[in-house]
Amino acid sequence: MLDRHSIPTLKASESGHQFVVYGDSCSGIAGALHEATFRQVNAAIGALDRPPDFICFLGDEIMGLTTDADELRRQWRHFFGRELAWLDRDAIPLYHATGNHTTYDPMSDKVFRDVMRHLPIDERGGLSYFVRREDLLLVFVDTLDAGAGGEGTVDVVWLDDVLRRQSDARYKLVFGHHPVWPVNGYAGDYQRAIERENGRRFWDALRRHDVLAYFCSHILAFDAQVQAGILQICTAGAATAHRMPPEQEYLHFAQVALDECGLRWQTLDRRGQMREWLRWPWQLPPVSDWSAFTPGAARSLPADCLQNAETASLIVWEINARLAPDTNAQPQTLLCADAEDGALAWLWLGISGVDGRMTALLSPQANRSPHRWLGPALPRDRRFSIQFALHSGLGPGGLLWRWSDGDAWSSMIGASAWGVERLPWSSSWRVGGGGLQELSLKWHRESFALANFL
């Protein structure tokens with residue numbers, strides 16, 4: 001049993017904001033499978049040492065998916081009247097996004113409108129809306145918009161208009177149910193992620209209007225990644241433990257602080273233990289201040305520098321090279337950290353395929369196939385420069401790239417549920433191989449202590 005006010009809260013500055021985000025409880029039925037686990041997660045939120053300014057629920061509050069409107073309303077009454085009875089919603093506003101368990105046909109859309117009368121849902125016929133809290137803009141998009149195509153689509157025209165009209169907001173956050181970018185390899189237009197062309201236009205709108213982050217759920221995991229400098233944070237673990245692989249995921253909620261220093265979050269499980277944490281964006285010195293990278297220099301780092309739970313490590317390289325002009329698909333090594341006893345290299349970074357894609361292979365466990373991450377295609381007709389980063393606090397999103405200091409970071413695309421936090425730091429490094437010309441590397445390392453984060 002968690003004691004009241006026993007969990008330290010990430011605190012924003014006086015002019016900032018701190019809030020809670022979670023989703024996917026699929027509850028609302030007394031005595032059913034998810035009621036007890038949802039109660040545990042809610043108890044952990046109630047044990048924060050400072051109440052949040054507001055709470056965002058990212059959809060699938062109830063089991064739903066019924067054609068019986070009376071049953072749907074009963075589930076909503078149980079959700080608000082019993083399962084959320086601990087929350088003073090007059091003091092702590094609760095905002096909701098639509099979900100595939102709650103808004104799946106015209107009847108369920110109408111019920112959603114009826115039970116969400118406290119929300120400023122747009123009257124044009126959709127179920128999207130926005131909230132302005134002084135200098136903070138919260139936009140809740142319906143990722144099952146019937147007018148845009150149903151499940152896995154968003155009305156991007158409406159979103160673009162809202163962001164344009166609210167352009168004076170200092171902080172802009174968008175919330176929805178479906179991810180834009182695949183989480184843990186769960187890809188698939190419409191049902192697992194927003195349809196890719198609609199998603200591209202959606203992300204372009206976020207970029208045009210300087211949105212800091214998109215919060216989503218749907219895939220039962222916690223995942224953070226960066227695409228074109230914008231965070232996608234997936235937090236979907238409010239109750240559905242039986243569908244989450246225990247060796248990879250856990251029931252949780254995210255507690256977030258946002259102020260002039262950026263966005264910080266801690267992911268807390270149902271026992272109130274912090275499992276993941278990060279600050280975004282990070283600030284790096286210009287590449288002109290980085291050091292030359294040599295295999296000998298790499299040996300200076302401790303073996304657990306990526307695995308230490310009390311410290312997050314950020315290690316970045318700038319790679320300058322020229323590719324051989326031929327178009328064969330033979331892999332070419334940029335950077336390699338060898339393992340011992342004949343095991344596969346724990347990190348191989350190089351170029352593969354006929355299109356010359358930057359590729360990372362991670363092999364933290366002997367006798368298991370490596371996990372693969374893909375970055376951009378690299379030019380063959382000229383010398384190129386690219387930056388590559390490892391961040392042990394970003395999970396599978398912690399392998400990132402950008403072209404130069406002035407460009408935005410993007411996570412490489414993979415299908416893993418873990419990242420570099422599983423890797424030891426090698427004492428044996430290799431640079432170059434396979435036809436690369438004029439290869440040179442610089443690097444920089446920073447660490448972030450959990451004690452200072454709190």
Side-chain angles (χ1 to χ4, degrees), residues 180-183 185 187 200 203-204 206-207 213 223-233 278 280-291 293 298 306 312-323 331-337 345-353 355-362 370-380 382-416 418-421 423 429 431-432 434 436 438-446:
V180 174
W181 304 96
V183 172
R200 182 193 62 76
W203 213 256
D204 285 347
L206 303 189
R207 291 182 62 192
D223 178 80
Q225 56 184 292
V226 181
Q227 297 296 339
I230 303 168
L231 280 168
Q232 175 182 276
I233 299 177
L278 197 73
W280 178 261
W282 62 65
Q283 300 295 325
L284 292 174
V287 71
S288 57
D289 293 342
W290 299 5
S291 303
F293 177 81
L306 296 174
S313 289
L314 169 63
I315 303 169
V316 292
W317 287 266
E318 183 197 49
I319 301 165
N320 285 279
R322 182 186 295 275
L323 294 184
Q332 301 179 73
T333 300
L334 295 168
L335 184 66
C336 183
W346 68 252
L347 167 68
W348 181 86
L349 179 71
I351 302 159
S352 65
D355 55 350
R357 295 281 293 275
M358 186 170 81
T359 304
L361 302 177
L362 270 57
H371 286 213
R372 178 184 296 263
W373 280 257
L374 291 175
L378 298 175
R380 290 187 178 273
R382 58 182 172 81
R383 187 175 179 85
F384 69 86
S385 176
I386 193 168
Q387 294 180 17
F388 169 69
L390 301 177
H391 198 303
S392 64
L394 258 175
L399 291 87
L400 307 100
W401 69 276
R402 67 178 181 179
W403 293 114
S404 66
D405 287 356
D407 295 311
W409 287 102
S410 288
S411 296
M412 297 175 73
I413 301 300
S416 181
W418 47 264
V420 300
E421 74 281 355
L423 299 178
W429 288 77
V431 174
L436 283 167
E438 305 173 40
L439 176 64
S440 64
L441 286 84
K442 301 177 74 173
W443 74 323
H444 173 77
R445 180 191 179 227
E446 294 188 5

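Sequential numbering from 1 along the given sequence is applied to the chain's residues.
Counting heavy atoms from C-beta on, the side chains of Leu400 and Leu394 come closer than 4.5 Å. Counting heavy atoms from C-beta outward, Arg445 and Leu390 have side chains that stay 4.5 Å or more apart. Between Trp282 and Val316 there is no side-chain heavy-atom pair separated by less than 4.5 Å. In this structure the side chain of Trp418 reaches within 4.5 angstrom of the side chain of Leu362, judged on heavy atoms. Annotation: side chain of Asp223 is in contact with side chain of Pro396 (closest heavy-atom distance under 4.5 Å). Side-chain contact between Glu438 and Asn320: absent, with no pair of heavy atoms (C-beta onward) separated by less than 4.5 Å. No side-chain heavy atom of Met412 sits under 4.5 Å from any side-chain heavy atom of Leu374. Using a 4.5 Å heavy-atom cutoff, the side chains of Ile315 and Val420 are not in contact.
Taking a 6.0 Å sphere around CZ of Arg200, one finds it holds more than 12 heavy atoms contributed by other residues, nucleotides or ligands.
Remark: Leu334 CG to Phe388 CZ distance equals 9.5 Å, nearest 0.5 Å. A distance of 10.0 Å separates CD1 of Ile386 from CG of Asp407, quoted to the nearest 0.5 Å.
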Handout entry: Worked verdict on Trp373 versus Trp348 for ring-ring contact (aromatic ring centres under 6.0 Å, His included)
Key = CA-CA 10 Å; Trp373 280 257; Trp348 181 86; over 10 Å; no
Practice task
Please assess Ser410 against Arg402 for the test side chain to side chain contact (heavy atoms under 4.5 Å, CB included), listing each intermediate value before the final yes or no.
Solution key: CA-CA 7 Å; Ser410 288; Arg402 67 178 181 179; over 6 Å; no
Practice task
May I have the step-by-step check of side chain to side chain contact (heavy atoms under 4.5 Å, CB included) for Leu278 and His391, ending in yes or no?
Solution key: CA-CA 10 Å; Leu278 197 73; His391 198 303; 3.0 Å; yes
Practice task
List the steps, then state whether side chain to side chain contact (heavy atoms under 4.5 Å, CB included) holds for Val431 with Leu441.
Solution key: CA-CA 9 Å; Val431 174; Leu441 286 84; 3.4 Å; yes
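Closest heavy-atom contact between Ala377 and Arg357: N-CD, 3.7 Å. Annotation for Glu421 and Gly395: closest pair OE1-CA, 3.6 Å, computed over non-hydrogen atoms.
The closest side-chain donor-acceptor pair between Asp405 and Gln387 falls under 3.5 angstrom.
Between Trp443 and Trp317, the ring planes lie parallel to each other; the angle is under 30°, not in the 30° to 60° tilted range.
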